[in-house]
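Right, one structure below, let's go through it.
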Amino acid sequence: MAVKGKHFVVDGAHYPGVSTILRLTQSYEKIQALARWRERVGQDEAQRITQAATTRGSLLHKITETHLKGEDAEAVLAAASPEKQVQVSPLWVSVQTVLPRLSDPFLVESLVWHDIGHYAGIVDLACTWQEETGESYPVVLDWKTSSRPKRVEYLEDYILQLTAYGAAINRLHETQIRKGILVICSPEAVQTFHLDLPSYWSAWMKRLQIFWYRQTEHPLRAEALTALADHYA
């Protein structure tokens, strides 16, 4: 495999993960901003912060997944180290304010893929979202953690990830998901961003095409570019 990053085996083919595609197609400005941050805080501290965020996010995902599957989420939290419990407990409390809006989960931490775009990934949740007005509709949802609240203009890759997953779910399951819910949990607050996924489709397609053009040695490159051109040109 010539390309770096996570891949998923789909019908014997290695599909690149959505997060890998987004990471390898980041803008020059974003790459430079990350480099400046690492330089400012120091490489060791940057690595510590990144690892802590990964650990925190993984545990919260596991707790939430366990709850949505009807199992004992509190037991998962109790089994974690005291340090992790301190970090994640307030986040889990905030997540529980969102859970009453969710019903009929049909995908929980599940592999999805798109046979035209030739990409794949693990979707956090696909379910029905209930508005306070009583309106309900299918959504794809992603849980994220943060050290502080986020502004929507800094969430492009998260939004494109949901866009990619929504399209893959619709193609696999013949659903009509048009809405994405991005939930960001920080010690200060839980933020719920409601997204109109079709409005981000062109931005996702641009990143996907850039990825495949650059992967000159990937065994799926020609097939993926041809499929994209045939269906979305």
Quiz prompt | Carboxylate-amine/guanidinium proximity below 4.0 Å for Arg151 and Glu153 | solution = yes
Exercise. Enter the distance from Ser81:OG to Gln87:CD here, rounded to the nearest 0.5 Å.
Key: 7.5 Å
Quiz item: For the side chain of Gln85 and the backbone of Ala80, is there at least one donor-acceptor N/O pair under 3.5 Å apart?
Solution: yes
Quiz prompt | Distance, nearest 0.5 Å, that separates CZ of Arg207 from CG of Leu24 | solution = 10.0 Å
Quiz prompt | More than 12 heavy atoms from other groups under 6.0 Å of CZ on Arg23 | solution = yes
Practice problem: Kindly compute the distance separating SG (Cys185) from CD (Gln96), expressed to the nearest 0.5 Å. | Solution: 10.5 Å
Quiz item: So, the side chain of His173 versus the backbone of Arg171: is there a donor-acceptor pair under 3.5 Å, distance only?
Solution: no
Quiz item: Does Asp44 CG have over 12 foreign heavy atoms under 6.0 Å away?
Solution: no
Quiz item: Do Tyr119 and Trp212 have ring centroids that are under 6.0 Å from one another?
Solution: no
Practice problem: Using a 4.5 Å cut-off on heavy atoms from C-beta on, say whether the side chain of Lys69 contacts that of Val108. | Solution: yes
Self-check item: Leu197 and Lys179, any side-chain heavy atoms less than 4.5 Å apart
Solution: no
Quiz item: Is Thr175 close to Pro138 at the side-chain level, that is, under 4.5 Å between some pair of heavy atoms?
Solution: no
Self-check item: Non-hydrogen atoms of Leu160 and Tyr200 that approach each other most closely
Solution: CD2-O, 3.8 Å
Quiz item: Do the non-hydrogen side-chain atoms of Leu59 and Ile63 ever get within less than 4.5 Å of each other?
Solution: yes
Practice problem: Tell me, with the steps shown, if His14 and Phe8 meet side chain to side chain contact (heavy atoms under 4.5 Å, CB included). | Solution: CA-CA 5 Å; His14 289 77; Phe8 300 87; over 6 Å; no
Self-check item: Minimum-distance pair of heavy atoms, taken over all atoms of Leu225 and Gln209
Solution: CD2-O, 4.4 Å
Quiz item: Do the side chain of Asp124 and the main chain of Trp143 share a donor and acceptor less than 3.5 angstrom apart?
Solution: yes
Self-check item: Which atom of Ile181 lies closest to which atom of Leu162, heavy atoms considered
Solution: O-CD1, 3.7 Å
Exercise. Start with the C-alpha distance between Asp157 and Gln26, add both sets of side-chain angles, then the distance that settles side chain to side chain contact (heavy atoms under 4.5 Å, CB included), and finish with yes or no.
Key: CA-CA 9 Å; Asp157 281 8; Gln26 287 180 340; 4.0 Å; yes
Practice problem: May I ask you to decide if Tyr213's main-chain N or O and Arg221's side chain share a donor-acceptor pair within less than 3.5 Å? | Solution: yes
Quiz item: Does His114 reach the side chain of Tyr15, with side-chain heavy atoms less than 4.5 Å apart?
Solution: no
Quiz item: Taking all non-hydrogen atoms of both residues, which atom of Ala167 and which atom of Trp201 are closest, and how far apart?
Solution: CB-CZ3, 3.4 Å
Self-check item: Co-membership, hydrophobic cluster, residues Phe106 and Val140, 4.5 Å side-chain
Solution: yes
Exercise. Return yes when atom CG of Asp11 has more than 12 non-hydrogen atoms of other residues, nucleotides or ligands closer than 6.0 Å, and no otherwise.
Key: no
Quiz item: Do you know which of Val139, Leu141, Val183 makes side chain to side chain contact (heavy atoms under 4.5 Å, CB included) with Leu125?
Solution: Leu141
Self-check item: Shared hydrophobic cluster, Leu220 / Ile21 (ILVMFWY, side-chain heavy atoms < 4.5 Å)
Solution: yes
Quiz item: Any cation-pi pair here, Lys30 with Tyr28, using under 6.0 Å and within 45°?
Solution: no
Self-check item: In one Ile/Leu/Val/Met/Phe/Trp/Tyr side-chain cluster, 4.5 Å: Ile184, Val95
Solution: no
Practice problem: May I ask you to test the Ser199-Asp196 pair for a side-chain heavy-atom distance under 4.5 Å? | Solution: yes
Quiz prompt | Donor-acceptor under 3.5 Å (Thr20 side chain, Lys6 main chain) | solution = yes
Self-check item: Donor + acceptor pair across side chains of Thr145, Arg56 (<3.5 Å)
Solution: yes
Practice problem: Please confirm whether the backbone N or O of Thr55 pairs with a side-chain atom of Ser58, one donor and one acceptor, at under 3.5 Å? | Solution: no
Self-check item: Closest contact, heavy atoms only, Leu228 versus Gly117
Solution: CD2-CA, 3.9 Å
Self-check item: Same apolar cluster: Leu99 and Val76, side chain cutoff 4.5 Å
Solution: yes
Self-check item: 4.5 Å side-chain heavy-atom contact, Thr66 and Lys62
Solution: yes
Practice problem: Without swapping roles, check the side chain of Thr226 against the backbone of Glu223 for a donor-acceptor pair under 3.5 Å. | Solution: no
Quiz item: Looking at OG1 of Thr25 and CD1 of Ile210, how far apart are the two atoms once the value is rounded to the nearest 0.5 Å?
Solution: 6.5 Å
Exercise. Without swapping roles, check the side chain of Arg48 against the backbone of Gln43 for a donor-acceptor pair under 3.5 Å.
Key: no
Quiz prompt | His7 and His218 side chains, donor-acceptor separation under 3.5 Å | solution = yes
Quiz item: Mind checking whether Phe211 and Leu22 have side chains closer than 4.5 Å, heavy atoms only?
Solution: no
Practice problem: Please check if atom CD in Glu71 has more than 12 non-hydrogen atoms from other residues, nucleotides or ligands closer than 6.0 Å. | Solution: yes
Exercise. Could you check Arg148 against Ser186 for side-chain hydrogen bond (donor to acceptor under 3.5 Å, both in side chains), going step by step and ending with a plain yes or no?
Key: CA-CA 5 Å; Arg148 60 183 182 276; Ser186 69; over 6 Å; no
Quiz prompt | Ile116 CD1 to His118 NE2 distance, which is reported to the nearest 0.5 Å | solution = 9.0 Å
Exercise. I would like to know whether Trp204 and Gln161 meet side-chain hydrogen bond (donor to acceptor under 3.5 Å, both in side chains); could you show each step before the answer?
Key: CA-CA 8 Å; Trp204 163 242; Gln161 183 180 44; over 6 Å; no
Quiz item: Shortest non-hydrogen contact from Leu111 to Ala120?
Solution: CD1-CB, 4.2 Å
Practice problem: Say whether Trp129 and Glu135, considering side chains only, have a donor N or O and an acceptor N or O under 3.5 Å apart. | Solution: no
Quiz prompt | CG-SG distance between Leu102 and Cys127, expressed to the nearest 0.5 angstrom | solution = 4.5 Å
Quiz item: Should the pair Glu39-Arg36 be classified as a salt bridge under the 4.0 Å nitrogen-to-oxygen rule?
Solution: no
Quiz item: Do Gln191 and Lys144 have side-chain atoms, one donor and one acceptor, less than 3.5 Å apart?
Solution: no
Exercise. Establish, from distance only, whether the side-chain atoms of Tyr137 and Glu131 form a donor-acceptor pair under 3.5 Å.
Key: yes
Practice problem: Verify the cluster assignment for Val123 and Leu208: are they in a single hydrophobic cluster under the rule of side-chain heavy atoms below 4.5 Å apart? | Solution: yes
Practice problem: Verify, without hydrogens or angle tests, whether Asp142 (side chain) and Leu182 (backbone) share a donor-acceptor contact under 3.5 angstrom. | Solution: no
Exercise. Look at the side chain of Ser89 and the backbone N and O of Val86, then say whether any donor-acceptor pair between them is shorter than 3.5 Å.
Key: no
